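Worth saying up front: this structure is predicted, and the values here are computed from it rather than measured.
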Amino acid sequence: MAFIYWPMCRLLQARVPTKFLPPTVSVPHRAGTLLMDWLGIREGTPVGVAMGDMQCSVYAAQPSHTDAVLNIGTAAQIVIIYTDHSLRSNQLSRQSLTDVPYFSGDYAKVAASLSGGNVIATFVSMLQGWLGALGIDHKMIGDADIYERLVACGAEKWDTTLCVDPVWWGERHTPEAKGSVTNMTGDNMTFSDWCGALHRGIIQNLSKMMPEEVLLEHKIERLLGSGRTLHKNTLLQRHVTSTFKRPLVLREDVDAPLGAAMAVSKLCVD
């Protein structure tokens with residue numbers, strides 16, 4: 001059984017009125033049934049207990065225990081599902097990882113980064129600001145065209161020696177962290193170098209948060225990819241396979257509402 005409980009000590013320290021907290025159960029779990037017809041849903045339809053957004057989005061990808069689920073949207077996260085309680089992370093040595101309950105008594109090991117598609121969007125916004133400062137109307141170039149050029153130019157210098165650590169907003173485990181650009185030379189400051197280094201930096205930051213030793217410990221053989229940013233960006237996909245040294249399999253239309261529906265549908269069968 002997964003470690004499903006409220007962190008009472010921390011809640012009491014924060015003066016949260018714990019008497020209002022509902023009991024915790026393993027999911028999917030039937031909370032009751034619909035008492036009347038509602039919006040086309042029939043009376044008596046099973047109602048499940050509330051489930052986590054992250055867990056549902058991962059569940060929709062249908063990972064096996066040798067898969068890691070990588071999602072890159074606005075932010076980014078990589079998740080491993082496991083059963084053995086002894087594989088929980090040491091929070092002192094691996095502060096970037098969080099272990100939370102998953103479905104059917106399993107656990108999810110999560111590296112959740114604040115740096116994903118928002119890094120690229122910020123870079124695009126910076127470019128548009130520079131163009132404006134030079135007296136060039138950036139609206140003459142559509143956003144879609146800019147993103148397309150970022151990927152194309154970055155592919156030309158995907159192995160650039162320029163290094164970008166794009167943690168503009170820090171990370172949850174290191175909120176004081178700042179982004180940086182290093183190893184600059186007179187030969188690696190082209191637009192293509194910047195694009196290549198920026199995309200690689202997003203993936204390398206994730207690999208630091210979910211290091212190779214953890215993937216080996218869990219016998220991870222492939223990555224299941226989801227998220228709008230990852231699906232649309234072939235350069236990110238290339239850096240994923242290069243950095244994690246595992247095949248990337250893209251999953252279409254994977255999101256939390258789908259995962260929640262898939263989980264609750266089991267209650268209808270049962």
Please identify each residue that fulfils side-chain hydrogen bond (donor to acceptor under 3.5 Å, both in side chains) with [X], with sequence neighbours left out.
X      : answer
Gln204 : none
Asn205 : Ser113, Glu171
Asn183 : none
Arg246 : Glu212

With a 3.5 Å distance limit and no angle check, can you tell me whether [X] reaches the backbone of [Y] through a side-chain donor-acceptor pair?
X      : Y      : result
Ser265 : Met262 : yes
Arg222 : Ala68  : no
Thr174 : Glu176 : no

Between Thr190 and Ser192, do the side chains contain a donor N or O and an acceptor N or O under 3.5 Å apart?
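Checked: Ser192/Thr190 side chains show no N/O donor-acceptor pair below 3.5 Å.
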Side-chain donor-acceptor contact under 3.5 Å, Thr161 with Asn188:
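Indeed, the side chains of Thr161 and Asn188 share at least one donor-acceptor pair under 3.5 Å.
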Pair listing, salt bridge (Lys or Arg N to Asp or Glu O under 4.0 Å) test, anchored in residues 127-142, at least two apart
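Of all non-adjacent pairs touching residues 127-142, none passes salt bridge (Lys or Arg N to Asp or Glu O under 4.0 Å).
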Salt bridge (Lys or Arg N to Asp or Glu O under 4.0 Å): pairs with one or both residues in residues 225-240, sequence neighbours excluded:
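Sorted pair list comes back empty.
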Hydrophobic clusters here meaning ILVMFWY residues chained together by side-chain heavy-atom distances under 4.5 Å, can you tell me if Phe244 and Leu97 are in one?
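Linked within one cluster.
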Hydrophobic cluster membership, with links at side-chain heavy-atom distances under 4.5 Å among I/L/V/M/F/W/Y: are Leu223 and Val214 in one?
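In one cluster with Leu223: Val214, yes.
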Does Asn118 form a side chain to side chain donor-acceptor pair (under 3.5 Å) with Thr74? I'd like the steps, not just the answer.
CA-CA 5 Å; Asn118 51 5; Thr74 301; over 6 Å; no
What I want to find out is whether Lys109 reaches Glu217 closely enough, with some N-O distance under 4.0 Å, to be called a salt bridge.
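So Lys109 does not pair with Glu217 through a salt bridge.
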Closer than 4.0 angstrom, basic N to acidic O: yes or no for Arg42 and Asp37?
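No, this pair does not count.
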Heavy atoms, side chains only, cut-off 4.5 Å: are Leu127 and Leu150 in contact?
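Yes, close enough: below the 4.5 Å cut-off.
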Taking only residues two or more places apart in sequence, or in another chain, which ones meet His231 in a ring pair (Phe, Tyr, Trp, His ring centres under 6.0 Å)?
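His231 satisfies ring pair (Phe, Tyr, Trp, His ring centres under 6.0 Å) with no residue once adjacent residues are dropped.
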My understanding is that a hydrophobic cluster links ILVMFWY residues whose side chain heavy atoms are under 4.5 Å apart, including indirect links. Using that, what else belongs to the cluster containing [X]?
X      : answer
Leu216 : none
Val151 : Trp158, Leu235
Leu131 : Leu134, Ile136

Any chance you could measure [X], atom [atom1], to [Y], atom [atom2], to the nearest 0.5 Å?
X      : Y      : atom1 : atom2 : answer
Arg200 : Thr243 : CZ    : OG1   : 8.5 Å
Leu114 : Gln77  : CG    : CD    : 11.5 Å
Leu224 : Leu248 : CG    : CG    : 8.5 Å

Which pairs count as ring pair (Phe, Tyr, Trp, His ring centres under 6.0 Å) when at least one residue sits in residues 171-227, sequence neighbours excluded?
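Residue pairs passing ring pair (Phe, Tyr, Trp, His ring centres under 6.0 Å), neighbours aside: Tyr82-His218.
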Please output the side-chain donor-acceptor pairs of residues 55-63 that fall under 3.5 Å, not counting sequence neighbours, one pair per line with the distance.
| residue | atom | partner | partner atom | Å |
| --- | --- | --- | --- | --- |
| Gln55 | NE2 | Pro101 | O | 2.9 |
| Ser57 | OG | Asp53 | O | 3.4 |
| Ser57 | OG | Met54 | O | 2.8 |
| Tyr59 | OH | Lys266 | NZ | 3.2 |
| Gln62 | NE2 | Tyr59 | O | 2.8 |

